[in-house]
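Just so it is clear, the values below take in all heavy atoms, side chains as well, and ignore hydrogens, waters and symmetry mates. Note that the numbering runs from 1 along the sequence shown for the chain.
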Amino acid sequence: MTAKNGLITDSFQVVKKTQAEPAPLTVREKELQTLEQFDLDWRFGPCTGIGRLQRWERAAVHGLNPPKEIKELLLRAGADPEYTQCLWRDYPL
């Protein structure tokens, strides 16, 4: 058998794809990310089964020094369940 001189890729132009910039996060998305990080931080105790503000207050009572910006964010958000309930709210105990 004879070896072929060219490859199939030699017949087509190489096109490089450009990386699309991720869309910047909205204020709400940034706030929810901050609250999720609070949920995942075990220094402030477990978060399953209680609201975020309850968890923050419990951590404060026990001297765990939870971030004040979390409490301010929760008080500003009002009754929105995405803000008040922890990351695990959809999973039964």
Side-chain angles (χ1 to χ4, degrees):
M1 265 185 150
T2 62
K4 295 186 178 182
N5 292 337
L7 300 172
I8 192 166
T9 54
D10 293 337
S11 302
F12 299 99
Q13 181 181 7
V14 175
V15 178
K16 294 188 178 187
K17 295 181 181 179
T18 58
Q19 294 278 338
E21 287 289 322
L25 296 176
T26 65
V27 172
R28 180 178 175 88
E29 290 170 334
K30 287 179 186 177
E31 291 174 347
L32 290 174
Q33 267 189 351
T34 302
L35 291 173
E36 287 175 5
Q37 290 304 312
F38 176 67
D39 289 345
L40 296 172
D41 193 340
W42 287 101
R43 292 180 294 169
F44 308 116
C47 65
T48 308
I50 63 171
R52 286 178 171 141
L53 188 57
Q54 284 178 299
R55 181 171 181 245
W56 189 96
E57 291 169 345
R58 182 188 62 199
V61 166
H62 291 291
L64 300 175
N65 301 321
K68 290 186 186 345
E69 58 269 8
I70 297 293
K71 183 176 184 180
E72 293 167 1
L73 179 60
L74 292 171
L75 292 174
R76 212 178 14 190
D80 185 350
E82 283 196 53
Y83 282 83
T84 59
Q85 299 300 312
C86 80
L87 181 63
W88 313 111
R89 68 184 173 272
D90 295 330
Y91 299 97
L93 291 176

Atom of Gly78, atom of Thr84 and distance for their closest heavy-atom approach
O-CG2, 3.3 Å

Kindly state each residue pair satisfying salt bridge (charged side-chain N to carboxylate O under 4.0 Å, His left out) with at least one member in residues 83-93, sequence neighbours excluded.
none

Residue pairs, two or more places apart or on separate chains, that pass salt bridge (charged side-chain N to carboxylate O under 4.0 Å, His left out) and touch residues 37-56:
Asp39-Arg52, Asp41-Arg43

Distance from Gln54 atom CD to Cys47 atom SG, nearest 0.5 Å?
12.0 Å

Residues that Glu82 engages under side-chain hydrogen bond (donor to acceptor under 3.5 Å, both in side chains), provided they are two or more places apart:
Arg28

Rounded to the nearest 0.5 Å, what's the gap from CG on Leu87 to OG1 on Thr48? Could you check?
9.0 Å

Output every pair passing side-chain hydrogen bond (donor to acceptor under 3.5 Å, both in side chains) with a member in residues 63-75, not counting sequence neighbours, ordered by first then second residue.
none

Identify, with sequence neighbours excluded, every residue that meets side-chain hydrogen bond (donor to acceptor under 3.5 Å, both in side chains) alongside Arg76.
none

Looking at side-chain heavy atoms only, is the closest gap between Glu29 and Pro24 below 4.5 Å?
no

Apart from Trp56 itself, members of its ILVMFWY cluster (side-chain separation under 4.5 Å) are Leu32, Leu35, Phe38, Phe44, Leu53, Leu64, Ile70, Leu73, Leu74, Leu75, Tyr83

